[in-house]
Amino acid sequence: MPPSLSESIDNRVIVAGAQSSETAAALPAGLRITRVGRMHAAALMALCAEHAAESASERRAYGPANGNVLELMEALFEPPLRAWAWLAERNGEAIGYASVTAGFSMLERAYYLNLESMFIRADARPSGAVAALLAQARRAAEELGCSNLRWQVPVGPASPTQIELPGHPAAIGLIQYVFPAAAGAHG
């Protein structure tokens, strides 16, 4: 694992109108992106529960959530870090989140950042939060020295596989988006 993946990444709070970030300048008024800290655990868990309820049919193949916050806290805050997350807040209220984990590509012989999940509450759509969270994830990929950011999005309803495989797996149709590590880095 490269040293950058074992270290913390930028903890900047990105606020609409801030000049230090190209994304912040484009944020709608009242929107801010904040790196998740331990003090955000309750807000993050509430958003995760809403996300899981909204995408229950897509998530059926993965089985029920563990429910244990300890593993999440270890992945987010205990070295070596294995996950990173950000909250989207509008006027001080958490309206969404994005989370990423590190992956490794044998073919590219490089680490990449996997956008595990992104969610914005239905009553906050559209808000500019998706674009801001995606830009933050791309910056994190660059800061961690990853080759790119990958996001797998389910397509259509989950359906059982047509071939027999051990363990009764479910086939899930996905589209994988691959973004350069930082906005504008490769295109």
Side-chain angles (χ1 to χ4, degrees), residues 5 7-56 58-59 62 65 67 69 71-77 81-103 112-144 146 148-154 174-185:
L5 287 179
E7 300 168 2
S8 181
I9 58 175
D10 188 356
N11 287 324
R12 276 184 305 222
V13 172
I14 302 170
V15 182
Q19 298 303 313
S20 63
S21 167
E22 72 181 55
T23 303
L27 289 178
L31 184 66
R32 82 186 220 159
I33 305 300
T34 306
R35 170 97 187 274
V36 168
R38 291 180 190 274
M39 68 289 230
H40 301 113
L44 180 60
M45 291 294 85
L47 288 166
C48 287
E50 287 181 49
H51 188 188
E54 187 175 295
S55 60
E58 296 169 9
R59 305 287 311 154
Y62 297 100
V69 179
E71 288 181 25
L72 175 65
M73 294 295 110
E74 287 177 348
L76 286 171
F77 306 117
L81 298 178
R82 297 165 302 286
W84 298 263
W86 300 270
L87 287 179
E89 299 173 305
R90 184 174 58 199
N91 301 323
E93 177 190 353
I95 61 166
Y97 77 99
S99 64
V100 296
T101 58
Y112 62 89
L113 216 52
N114 184 42
L115 182 58
E116 289 287 332
S117 54
M118 183 162 17
F119 173 74
I120 304 298
R121 287 185 168 145
D123 64 355
R125 300 175 200 156
S127 63
V130 167
L133 287 167
L134 182 58
Q136 178 58 48
R138 289 178 74 185
R139 273 192 303 281
E142 179 181 40
E143 290 173 20
L144 292 169
C146 295
N148 53 49
L149 174 71
R150 300 179 186 187
W151 185 18
Q152 294 182 354
V153 180
L174 298 169
I175 293 177
Q176 179 169 287
Y177 296 98
V178 179
F179 302 93

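Remember, it's a predicted structure, so these values are computed and weren't measured experimentally.
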If I compare all heavy atoms of [X] with all of [Y], which pair ends up nearest, and what's the gap?
X	Y	answer
A88	L133	CB-CD1, 4.0 Å
L113	A137	CD2-O, 3.9 Å
M118	V130	SD-O, 3.8 Å
R35	L76	NH2-O, 4.2 Å
A98	L115	CB-CD1, 4.1 Å
N148	F179	CB-O, 3.0 Å

Between S99 and E116, do the side chains contain a donor N or O and an acceptor N or O under 3.5 Å apart? no

Y97 side chain to H51 side chain, donor-acceptor N/O pair below 3.5 angstrom =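 There is such a pair (donor and acceptor under 3.5 Å, judged by atom type) between the side chains of Y97 and H51.
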
What I'd like to find out is whether the side chain of E89 reaches to under 4.5 Å of the side chain of L31, using heavy atoms alone. no

Q) Heavy-atom distance under 4.5 Å between the side chains of V178 and W151, does that happen here? A)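 Contact flag for V178/W151 side chains = no.
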
If I take atom [atom1] from residue [X] and atom [atom2] from residue [Y], how far apart are they, to the nearest 0.5 angstrom?
X	Y	atom1	atom2	value
L47	E54	CG	CD	11.0 Å
E74	L81	CD	CG	12.0 Å
R150	N114	CZ	CG	8.5 Å
M73	M45	CE	CE	5.5 Å
L87	I95	CG	CD1	10.0 Å

Worksheet item: Ignoring hydrogens and geometry, is there a side-chain-to-backbone donor-acceptor pair from R139 to L134 under 3.5 Å?
Response: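 No, the answer is negative, given that no donor and acceptor are paired below the 3.5 Å cut-off.
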
- request: Go through the steps to decide whether L144 and W84 satisfy the test side-chain contact (heavy atoms from CB on, under 4.5 Å), and finish with yes or no.
  value: CA-CA 11 Å; L144 292 169; W84 298 263; 4.0 Å; yes

**Prompt:** Any salt bridge between R121 and E93, counting N to O under 4.0 Å?
**Reply:**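 So R121 pairs with E93 through a salt bridge.
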
